[in-house]
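The structure under discussion appears below in the form of structure tokens.
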Amino acid sequence: MSDARVFAGGCLCGAVRFEVTAPTNWCAHCHCSLCRRAHGAAFVTWFGVARARFALRGGEAELIWYRSTPPARRGFCSRCGSTLFFASERWPEEIHIALAAMDGPIDREPAAHVYYDSHVPWVALGDSLPRRGGASGVEPVEPG
Ligand SMILES: [Zn+2]
Ligand SMILES: [Zn+2]
């Protein structure tokens with residue numbers, strides 16, 4: 001965790017660069033199948049921040065948005081393929097950012113696993129964070 005107020009991040013090739021001003025709103029590991037495919041990873045650690053606290057500093061031409069479901073779109077770098085952002089009409093005031101794209105720690109740590117019903121069987125988690133799932137992705141579920 002960091003006490004800094006501004007956190008920078010970017011894609012693998014460096015074309016897309018951005019900054020986030022604290023405070024962020026939340027941070028969680030998402031195990032849904034869309035995140036898994038989009039990022040090529042067992043799960044994706046996201047944090048949410050108000051759109052007014054997010055600023056794109058580079059890569060306007062490289063940043064492409066893919067509409068993954070009717071209300072949601074995912075932002076990635078068209079040069080290097082890094083998956084970076086998620087935005088949805090479900091949370092119009094917020095942007096979700098992949099924590100792994102940040103240059104360092106932000107102002108909070110992951111606090112839960114969401115959409116845990118969809119988790120892969122080939123990764124064993126060692127933490128004691130709450131597991132959530134169900135239709136909304138955030139209802140309490142039994143660890144397993
Ligand atoms: Zn890139
Ligand atoms: Zn997800």
Side-chain angles (χ1 to χ4, degrees), residues 1 6-144:
M1 209 156 76
V6 179
F7 308 106
C11 66
L12 175 61
C13 78
V16 179
R17 294 292 302 170
F18 58 91
E19 284 179 346
V20 169
T21 303
T24 61
N25 296 341
W26 54 265
C27 185
H29 305 294
C30 184
H31 295 258
C32 84
S33 61
L34 290 96
C35 284
R36 182 157 64 242
R37 280 193 193 278
H39 292 245
F43 55 89
V44 179
T45 308
W46 294 106
F47 67 94
V49 67
R51 290 194 186 195
R53 296 184 171 278
F54 168 83
L56 195 62
R57 297 293 188 219
E60 257 172 83
E62 285 82 4
L63 179 60
I64 301 284
W65 289 90
Y66 168 68
R67 188 161 287 274
S68 50
T69 60
R73 53 204 183 106
R74 292 169 184 268
F76 66 96
C77 175
S78 59
R79 187 195 286 175
C80 69
S82 299
T83 41
L84 302 167
F85 308 125
F86 176 93
S88 174
E89 290 154 24
R90 190 172 161 191
W91 302 282
E93 304 302 317
E94 204 173 68
I95 186 165
H96 302 176
I97 300 170
L99 182 61
M102 304 308 291
D103 296 350
I106 62 166
D107 59 336
R108 70 182 66 239
E109 291 175 351
H113 294 272
V114 301
Y115 287 97
Y116 190 70
D117 311 49
S118 309
H119 74 277
V120 296
W122 37 267
V123 171
L125 301 174
D127 66 61
S128 57
L129 297 176
R131 272 65 164 157
R132 301 190 183 283
S136 72
V138 294
E139 295 151 33
V141 294
E142 291 301 312

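Values below: all heavy atoms of this structure, side chains included; hydrogens, waters and symmetry mates excluded. Just so you know, ligand 1 is whichever comes first in the structure, and atom 1 is the first atom listed for that ligand. Model, not experiment: these values are computed from the prediction.
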Sub-4.5 Å side-chain heavy-atom contact between Ser78 and Glu62: yes
SG (Cys80) - the Zn ion (ligand 1) - SG (Cys77) angle, nearest 10°: 110°
His31 backbone or side-chain N/O/S under 2.8 Å from the Zn ion (ligand 2): no
From Glu60 atom CD to Arg17 atom CZ, the distance as rounded to the nearest 0.5 Å: 15.0 Å
Whether Phe86 and Trp46 hold their rings parallel, tilted or perpendicular, with breakpoints at 30° and 60°: tilted
Tyr116 and His119 aromatic ring geometry - parallel, tilted or perpendicular at 30°/60° bounds: parallel
The Zn ion (ligand 2): angle it makes with SG (Cys35) and SG (Cys30), nearest 10 degrees: 130°
Metal-centred angle, SG of Cys13 through the Zn ion (ligand 1) to SG of Cys11, rounded to 10 degrees: 110°
